[in-house]
Amino acid sequence: MSQDKFTFAKHSITDWEKAAAKSTPGADLNKLNWVTPDGITVKPLYTAQDTAFLPYTDTLPGFAPFLRGPQASMYAARPWTIRQYAGFSTAEESNAFYRKALEAGGQGVSVAFDLATHRGYDSNHPRVTGDVGKAGVAIDSIEDMKILFDRIPLDKVSVSMTMNGAVLPVLAGYVVAAEEQGVSQDQLSGTIQNDILKEFMVRNTYIYPPEPSMRIVGDIIAYTASHMPKFNSISISGYHMQEAGANQALELALTLADGQEYVRTAMKQGLDVDAFAPRLSFFWAIGMNFYLEIAKMRAARLLWCRIMQEVGAKTPKSLMLRTHCQTSGWSLTEQDPYNNIVRTTIEAMAAVFGGTQSLHTNSFDEAIALPTEFSARIARNTQLIIQEETHITNVIDPWAGSYMMEKLTQDMADEAWKIIEEVNAMGGMTKAVGSGWAKLKIEAAAADKQARIDSGQDVIVGVNKYTLKTLDAVDVRDIDNVKVRDSQIERLHRIKEVRDNAAVVKALDALTQAAKDGSGNLLDLSIKAVRLRATVGEVSDALEKVFGRHRADTQKISGVYAAAYDAGEHEGDTMAYWDALKADIAAFAQKQGRRPRVMISKLGQDGHDRGAKVVATAFADLGFDVDIGPLFQTPEECARQAIENDVHAVGVSTLAAGHKTLVPAIIAELKKQGADDIIVFVGGVIPRQDYDFLYQSGVKGIYGPGTPIPVSARDVLEQINKSLA
């Protein structure tokens with residue numbers, strides 16, 4: 001059809017509104033607008049008027065402000081790097097997985113460490129009995145690190161390491177393992193996360209307080225800028241913020257504000273911003289909010305360019321934001337778990353459309369346990385199919401020019417910038433984190449999200465809609481924690497028998513002195529100690545003598561969860577259930593002379609406390625008296641606090657697979673201390689094949705991912721009533 005013969009009438013928004021009203025008689029067009037949790041209104045129709053005044057819509061990829069991508073050719077020349085984030089109990093098992101993944105199309109290694117390593121403990125420490133090798137690979141020394149990278153050429157394969165608390169001994173171990181492989185520091189490529197500020201907000205695998213932790217960050221940036229020019233010295237992570245409950249705008253704002261703080265810290269050390277800024281990278285979570293995730297990534301590049309210009313950066317590489325992405329673990333469900341393959345695919349597409357530089361796709365079974373080789377292959381192949389079969393990579397920023405996407409990108413940037421300005425008014429992210437403000441913002445968003453799911457406002461297929469009557473069993477990976485710990489302890493003993501212990505003590509004393517007087521570079525000194533076979537725990541302890549170990553304040557929010565029910569935007573059955581449960585709790589208080597009292601606890605080194613905080617908030621809003629135990633309790637400490645607080649029940653929140661060791665221990669400890677009338681319930685990531693074991697151990701209730709909190713609260717109340725009968 002020739003253009004000169006093709007004519008059509010011009011229409012206005014008013015014309016569309018009339019047509020829409022006619023096509024759907026009686027419909028309220030205002031309800032077609034969706035107001036996101038970020039406060040952004042997403043309309044059903046966008047036109048040229050929405051983008052007429054936007055200043056960045058005609059920019060190109062590879063040029064400031066990098067809205068359309070940091071590289072000029074993007075995936076048309078080179079697709080993103082396919083990564084698999086994994087760590088399985090021992091260095092030997094993890095190494096085998098990495099080599100198999102690289103042979104099957106993986107393009108980099110991403111290491112997950114166990115919680116004992118994250119928190120700077122060697123495997124023989126009494127506080128990590130249930131944590132060794134359970135949620136990642138156990139690394140105690142350079143000998144473990146050498147095994148981890150055996151037959152993986154570190155001059156050719158980039159390595160990403162998610163490590164923040166024990167970042168000094170772990171990064172030192174990687175450097176020394178490469179040296180003993182014959183690879184010099186200037187050949188190393190990859191990323192160390194080294195993002196301690198977000199640990200104080202969400203993930204909680206910190207060791208030292210914020211101020212000395214920031215010194216460590218600065219020393220690593222300085223050392224790598226001088227000695228490891230191809231290595232990214234920090235990966236500023238929003239991923240764990242979204243996993244902990246932050247919406248997209250909050251994740252974006254707090255992450256960029258963290259980055260701003262790290263840049264200021266490095267510049268205070270006298271570093272030229274253009275000397276280190278090109279090696280900074282970011283890390284985003286990609287959830288099921290498809291359009292907003294794409295807009296978030298485009299807005300991130302726009303805002304980072306602005307931030308870096310404001311601090312005086314000049315070179316294009318200093319102004320561009322490069323990022324890794326990972327699909328959401330929180331969006332994965334225990335119920336109908338094969339739906340998770342679809343969720344991960346959608347999230348991967350959003351990351352690609354947003355312009356990521358590397359991507360990890362989660363396995364469908366990760367809401368249940370650590371991934372199997374079968375599920376990991378599906379996750380990896382998801383990326384290979386997008387890269388090789390869809391031709392998505394042939395077009396750079398295919399959403400550019402979309403009225404909707406350009407407007408959402410600007411809306412996202414505007415919302416995030418408001419939060420960044422609020423942080424700066426407080427004096428920066430170190431102050432915002434230290435005050436607890438940032439953590440409470442995320443926890444409020446998490447409680448609101450969970451309430452919208454439990455009340456039916458937000459649909460999760462297979463969880464609160466289209467549910468199955470019976471769930472198929474899924475094969476999951478199981479790790480013998482005792483066996484792994486015993487083997488790690490044996491290796492530790494062998495290392496200490498053959499090393500020059502006097503030289504190790506001297507190197508560790510030098511670290512302690514540098515921490516005390518501010519002299520020397522802490523990474524440089526850690527590398528020297530690790531060369532001599534100092535362990536992760538010993539290096540961490542040398543610094544702890546001066547810095548101390550951080551203890552977080554335990555706070556809980558109130559009223560946020562209940563507000564979703566009080567708003568009335570839910571189905572009648574859920575409101576009736578909520579009201580009936582509140583009435584029964586009030587009746588319990590009337591009969592017993594006090595309210596039902598529960599203690600929500602985290603045992604071992606698992607710092608992921610989103611679930612614990614949301615449950616505590618919801619139970620309190622229902623009328624329970626709620627205590628929250630401090631993070632990193634031993635079973636003995638937890639039992640003692642429960643008895644002192646005279647609780648009816650202890651709820652253990654678990655995410656890191658330590659439940660088979662730690663939960664029986666708390667039950668045994670309560671019995672030992674004469675309080676076996678206190679019931680124990682468990683929530684979190686627990687494979688169904690472990691349920692019978694836990695029930696036989698004495699657990700009274702198990703609530704996996706997706707369990708509505710009012711349902712679990714009803715069951716806990718009934719169990720308390722039975723114990724008092």
Side-chain angles (χ1 to χ4, degrees), residues 245 334-335 443-444 446-458 460 463-464 467 556-567 570-592 594-602 609-629 642 645-655 663 677-686 691 694-695 699-725:
E334 178 191 32
Q335 299 86 343
E443 289 174 1
D448 177 66
K449 176 65 176 177
Q450 189 61 51
R452 284 186 280 114
I453 292 169
D454 289 347
S455 64
Q457 294 176 56
D458 288 0
I460 309 293
V463 174
N464 62 4
T467 55
K556 65 175 180 285
I557 56 174
S558 62
V560 174
Y561 186 92
Y565 284 86
D566 295 339
H570 43 70
E571 297 178 14
D573 289 348
T574 61
M575 188 63 190
Y577 192 95
W578 175 266
D579 288 340
L581 180 54
K582 288 183 71 175
D584 288 345
I585 291 168
F588 176 99
Q590 182 72 27
K591 180 179 178 181
Q592 299 293 334
R594 66 178 184 131
R595 297 191 290 182
R597 191 177 191 93
V598 300
M599 175 177 160
I600 306 298
S601 62
K602 296 286 296 183
D609 61 351
R610 171 180 181 158
K613 290 296 186 68
V614 169
V615 168
T617 295
F619 272 50
D621 286 353
L622 278 162
F624 284 85
D625 277 334
V626 180
D627 300 314
I628 303 178
N645 290 7
D646 194 22
V647 304
H648 295 103
V650 172
V652 178
S653 173
T654 179
L655 184 73
V663 174
D677 58 326
I678 296 176
I679 69 169
V680 174
F681 60 96
V682 187
V685 177
I686 306 166
Y691 280 26
L694 292 174
Y695 283 130
V699 169
K700 297 301 182 183
I702 303 172
Y703 315 111
T707 305
I709 292 178
V711 171
S712 64
R714 164 70 66 189
D715 191 52
V716 169
L717 181 65
E718 290 174 357
Q719 294 293 339
I720 292 172
N721 277 318
K722 286 180 184 178
S723 72
L724 295 175

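Partners of Lys700 by salt bridge (charged side-chain N to carboxylate O under 4.0 Å, His left out), not counting sequence neighbours: none found. With sequence neighbours excluded, the residues that form a side chain to side chain contact (heavy atoms under 4.5 Å, CB included) with Val614 are Ala446, Gln450, Arg610, Ile709. For Arg597, the side chain to side chain contact (heavy atoms under 4.5 Å, CB included) partners are Arg594, Asp625, Asp627, Asn645, Val647, His648, not counting sequence neighbours. Looking at residues two or more places apart in sequence or on another chain, you find a salt bridge (charged side-chain N to carboxylate O under 4.0 Å, His left out) between Asp448 and Arg452. Listed by chain and residue number, Asp454, Pro710, Val711 satisfy the side chain to side chain contact (heavy atoms under 4.5 Å, CB included) test with Pro708 (two or more places apart in sequence, or in another chain). The salt bridge (charged side-chain N to carboxylate O under 4.0 Å, His left out) search around Asp609 returns Lys439, Lys613, not counting sequence neighbours. Remark: Tyr695 engages Tyr691, Ile702 in a side chain to side chain contact (heavy atoms under 4.5 Å, CB included) (not counting sequence neighbours).
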**OP:** Just do the side-chain contact (heavy atoms from CB on, under 4.5 Å) check on Gln335 and Thr467 with the steps written out, would you?
**Re:** CA-CA 8 Å; Gln335 299 86 343; Thr467 55; over 6 Å; no
**OP:** Run the numbers on Phe681 and Ile600 for side-chain contact (heavy atoms from CB on, under 4.5 Å), then give the verdict.
**Re:** CA-CA 10 Å; Phe681 60 96; Ile600 306 298; 4.2 Å; yes
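Using a 4.5 Å heavy-atom cutoff, the side chains of Val716 and Phe619 are in contact. You'll find the side chain of Leu694 reaches within 4.5 Å of the side chain of Ile686, heavy atoms only.
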Donor-acceptor pairs are to be reported for all side-chain atoms of residues 717-725 against protein atoms at under 3.5 Å, with residues two or more places apart or in another chain.
from   : atom 1 : to     : atom 2 : distance (Å)
Asn721 : ND2    : Leu717 : O      : 3.3
Ser723 : OG     : Ile720 : O      : 2.7

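In this structure, Ala620 and Val626 approach most closely via the heavy-atom pair N-CG2, 3.7 Å. In plain terms, the two heavy atoms of Asn464 and Ile453 that are nearest each other are ND2-O, 2.9 Å. Nearest heavy-atom pair, Ser712 versus Thr707, reported as atom, atom and distance to 0.1 Å: CB-CG2, 4.3 Å. A pairwise comparison of heavy atoms in Gly629 and Met599 identifies CA-CE, 4.0 Å as the closest pair. Closest heavy-atom contact between Arg595 and Ala589: CG-CB, 3.8 Å.
Atom-to-atom distance recorded for Lys602:NZ and Ile628:CD1 is 12.0 Å, nearest 0.5 angstrom. Atom-to-atom distance recorded for Asp579:CG and Leu622:CG is 10.0 Å, nearest 0.5 angstrom.
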